Novice: 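Quick one: this structure, given as structure tokens, is what I'll be asking you about.
Since the structure is predicted, the reported quantities are computational estimates derived from the model, not experimental observations. Residue numbering restarts at 1 for every chain, and letters A, B, ... go by the order of the sequence lines.
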2 protein chains.
Amino acid sequence: MTNAKAFAALADPTRREVFERLSRGPRAVGDLANDLPVSRPAVSQHLKVLKEAGLVTDRPDGARRVYQIDPQGLGQIRAWLDQFWDVALEAFKAEVERQADEEDDKP
Amino acid sequence: MTNAKAFAALADPTRREVFERLSRGPRAVGDLANDLPVSRPAVSQHLKVLKEAGLVTDRPDGARRVYQIDPQGLGQIRAWLDQFWDVALEAFKAEVERQADEEDDKP
DNA sequence: ACTTACGGTAAGTAATGACTAACGCTAAAG
DNA sequence: CTTTAGCGTTAGTCATTACTTACCGTAAGT
């Protein structure tokens, strides 16, 4: 279950911010750090976490290093969520009906 | 953006475990704690977090309290992920082609 | 060769969070 | 009315982590 890393990665607000910016196109580390409220090393560390979670990939570009979104980690989370989606809706419907029955007995 | 709470909630392994068990049917707190490696208060605190994230709902059942999955929080995360899904796949395809072109120049 | 630009890593710190033990409250049972 | 069962809350502790500063390696420009 590597989806653990993906969830932990996206749990941090700064990391979600980085991820959202990368969704608008590949960017270099310093470029990302420029319009973020944290230092460049912080961004670098966040990117490392995102990379190990399969959420981004990186490629060298001269002295720079360009990061972009990786659909793999995204897919893992989606698969895990979809596993519960149907049963969740079903349970929700059952609960609504159960509450309706409760209303019939009380008032 | 309440999806922040949902992501933070599902980032914890124990909380994901609780969530998975609830997906197999509504359960009471002590019942959940019985086959989990943590104490009952811990489970209670986790359920509070899940509840504030819109991932579970609770209803009183005599002296007990029954929890079950709430599709709301699940839907928020899914919506957030779907926002990136298409662009992520597109970016991935572009990257594959870019690497192919790079192979043509080097060897 | 020297300098500048760009990033990853190490070390240290402050804050967040997951957990247990102890207490208090409400609802059924006796 | 007293007792028991089931939960939520509080306080305190230990581990995790997000962050900064400082340092080192690598690539391009002069």
Side-chain angles (χ1 to χ4, degrees), chain A residues 1-2 4-22 25-68 70 102 105-106, chain B residues 2-22 25-70 73 102 105-106:
Chain A
M1 304 299 170
T2 319
K5 287 186 180 179
F7 269 115
L10 292 179
D12 183 73
T14 303
R15 234 135 42 197
R16 276 199 308 277
E17 191 70 32
V18 170
F19 188 75
E20 290 188 11
R21 312 224 172 184
L22 286 181
R27 313 254 308 257
V29 181
D31 187 23
L32 283 167
N34 273 339
D35 51 12
L36 280 175
V38 295
S39 69
R40 184 193 52 74
V43 174
S44 198
Q45 291 164 2
H46 284 311
L47 286 169
K48 183 180 181 181
V49 175
L50 289 171
K51 183 181 176 182
E52 289 175 347
L55 287 164
V56 303
T57 53
D58 61 335
R59 100 180 91 99
D61 176 27
R64 304 189 314 172
R65 188 154 272 264
V66 176
Y67 284 80
Q68 75 171 32
D70 182 359
E102 199 175 57
D105 297 351
K106 264 303 177 72
Chain B
T2 319
N3 72 14
K5 288 187 179 179
F7 269 116
L10 292 178
D12 183 73
T14 303
R15 237 141 32 202
R16 277 200 307 276
E17 192 69 32
V18 169
F19 190 75
E20 290 187 10
R21 312 225 172 181
L22 286 181
R27 310 231 339 236
V29 181
D31 186 22
L32 283 166
N34 272 339
D35 51 12
L36 279 176
V38 295
S39 69
R40 184 193 52 74
V43 174
S44 199
Q45 292 165 1
H46 284 311
L47 286 169
K48 183 179 181 181
V49 175
L50 289 171
K51 182 181 176 183
E52 288 175 347
L55 287 164
V56 303
T57 53
D58 60 335
R59 101 180 90 98
D61 177 27
R64 303 191 313 174
R65 189 154 272 266
V66 176
Y67 284 81
Q68 75 170 31
I69 286 190
D70 182 359
E102 197 174 59
D105 296 351
K106 264 300 177 70

Novice: From the list D/dC7, C/dT9, C/dC19, which nucleotide is the closest neighbour of the side chain of B/Arg64?
Specialist: D/dC7
Novice: Looking only at heavy atoms, which two atoms of A/Leu47 and A/Val56 are closest? And how far apart?
Specialist: O-CG2, 4.0 Å
Novice: B/Leu55 versus B/Leu22: any side-chain heavy-atom pair under 4.5 Å?
Specialist: no
Novice: So, is B/Tyr67 near the phosphate of D/dG8, with a side-chain N or O under 4.0 Å from OP1 or OP2?
Specialist: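 True: B/Tyr67 side-chain N/O within range (under 4.0 Å) of D/dG8 OP1/OP2.
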Novice: For a 4.5 angstrom cut-off between non-hydrogen side-chain atoms, does B/Thr57 reach B/Gln68?
Specialist: yes
Novice: Can you tell me the distance, in whole Å, between the CG atom of A/Leu36 and the C1' atom of D/dT20?
Specialist: 15 Å
Novice: Could you check which of C/dC19, D/dC19, D/dG8 has an atom nearest any side-chain atom of A/His46?
Specialist: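 Nearest nucleotide to the side chain: D/dC19.
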Novice: Tell me the closest heavy-atom pair linking A/Arg65 and A/Asp58, and the distance in Å.
Specialist: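 Heavy atoms of A/Arg65 and A/Asp58 come nearest at NH1-OD2, 2.6 Å.
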Novice: For C/dT20, does OP1 or OP2 lie under 4.0 Å from any side-chain N or O of B/Ser39?
Specialist: yes
Novice: Using the side chain to side chain contact (heavy atoms under 4.5 Å, CB included) definition, which of the options B/Asp61, B/Val66, B/Asp31 pairs with B/Pro26?
Specialist: B/Val66
Novice: Toward the 5' end of DNA chain D, which comes first, A/Val38 or B/Val43, by nearest nucleotide?
Specialist: B/Val43
Novice: To the nearest 0.5 Å, how far apart are CG in B/Asp70 and CZ in B/Phe19?
Specialist: 8.5 Å
Novice: Of all residues at least two apart in sequence or in a different chain, which pass the ring pair (Phe, Tyr, Trp, His ring centres under 6.0 Å) check with A/Tyr67?
Specialist: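 Partners of A/Tyr67 by the ring pair (Phe, Tyr, Trp, His ring centres under 6.0 Å) criterion come out as none, since no residue qualifies.
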Novice: Rounding to an integer number of Å, can you tell me how far A/Leu32 CG sits from C/dC6 C1'?
Specialist: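 From A/Leu32 CG to C/dC6 C1': 13 Å.
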Novice: Does any donor-acceptor pair link the side chain of A/Gln45 with the base of D/dT17 at a separation under 3.5 Å?
Specialist: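 Answer no: no donor N or O sits under 3.5 Å from an acceptor.
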Novice: Taking CZ from A/Arg65 and C1' from D/dA27, how many angstroms apart are they, rounded to a whole number?
Specialist: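 A/Arg65 atom CZ is separated from D/dA27 atom C1' by 12 Å.
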Novice: Look at A/Ser44 and C/dG7 and indicate whether a side-chain polar atom (N or O) is within less than 4.0 Å of OP1 or OP2.
Specialist: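 For A/Ser44, the contact criterion (side-chain N or O under 4.0 Å from OP1 or OP2 of C/dG7) is not met.
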Novice: If you take any heavy atom closer than 4.0 Å to DNA chain D, which residues from residues 7-19 of chain A end up in contact?
Specialist: A/Asp12, A/Thr14, A/Arg15
Novice: Ignoring hydrogens and angles, does a donor from either the side chain of A/Arg40 or the base of C/dG7 sit under 3.5 Å from an acceptor on the other?
Specialist: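 Yes, the side chain and the base share a sub-3.5 Å donor-acceptor pair.
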Novice: Would you be so kind as to tabulate the donor-acceptor pairs closer than 3.5 Å made by side chains of residues 9-16 of chain B, with sequence neighbours excluded?
Specialist:
{"unit_1": "B/Asp12", "atom_1": "OD2", "unit_2": "B/Thr14", "atom_2": "N", "d": "3.2"}
{"unit_1": "B/Asp12", "atom_1": "OD2", "unit_2": "B/Arg15", "atom_2": "N", "d": "3.1"}
{"unit_1": "B/Arg15", "atom_1": "NE", "unit_2": "B/Ala9", "atom_2": "O", "d": "2.8"}
{"unit_1": "B/Arg15", "atom_1": "NH1", "unit_2": "B/His46", "atom_2": "ND1", "d": "3.4"}
{"unit_1": "B/Arg15", "atom_1": "NH2", "unit_2": "B/Ala8", "atom_2": "O", "d": "3.2"}
{"unit_1": "B/Arg16", "atom_1": "NH1", "unit_2": "B/Leu10", "atom_2": "O", "d": "2.7"}
{"unit_1": "B/Arg16", "atom_1": "NH1", "unit_2": "B/Ala11", "atom_2": "O", "d": "3.3"}

Novice: Just to be sure I understand the geometry, which residues of residues 47-54 of chain A put a non-hydrogen atom under 4.0 Å away from DNA chain D?
Specialist: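 Those residues: none at all.
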Novice: Could you state the atom-to-atom distance from NZ of B/Lys5 to P of C/dG17 in whole Å?
Specialist: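 To the nearest whole Å, that distance equals 12 Å.
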Novice: Let me check something: any side-chain donor-acceptor pairs from residues 35-44 of chain A under 3.5 Å, sequence neighbours excluded? List them with distances.
Specialist:
{"unit_1": "A/Asp35", "atom_1": "OD1", "unit_2": "A/Arg21", "atom_2": "NH1", "d": "3.1"}
{"unit_1": "A/Asp35", "atom_1": "OD2", "unit_2": "A/Arg21", "atom_2": "NH1", "d": "3.4"}
{"unit_1": "A/Ser39", "atom_1": "OG", "unit_2": "A/Ala42", "atom_2": "N", "d": "3.4"}

Novice: Quick one, give me the B/S/- string for nucleotides 24-30 of chain C, reading 5' to 3', where B means a protein heavy atom under 4.0 Å from the base and S means that only happens at the primed atoms, P, OP1 or OP2.
Specialist: ---SS--
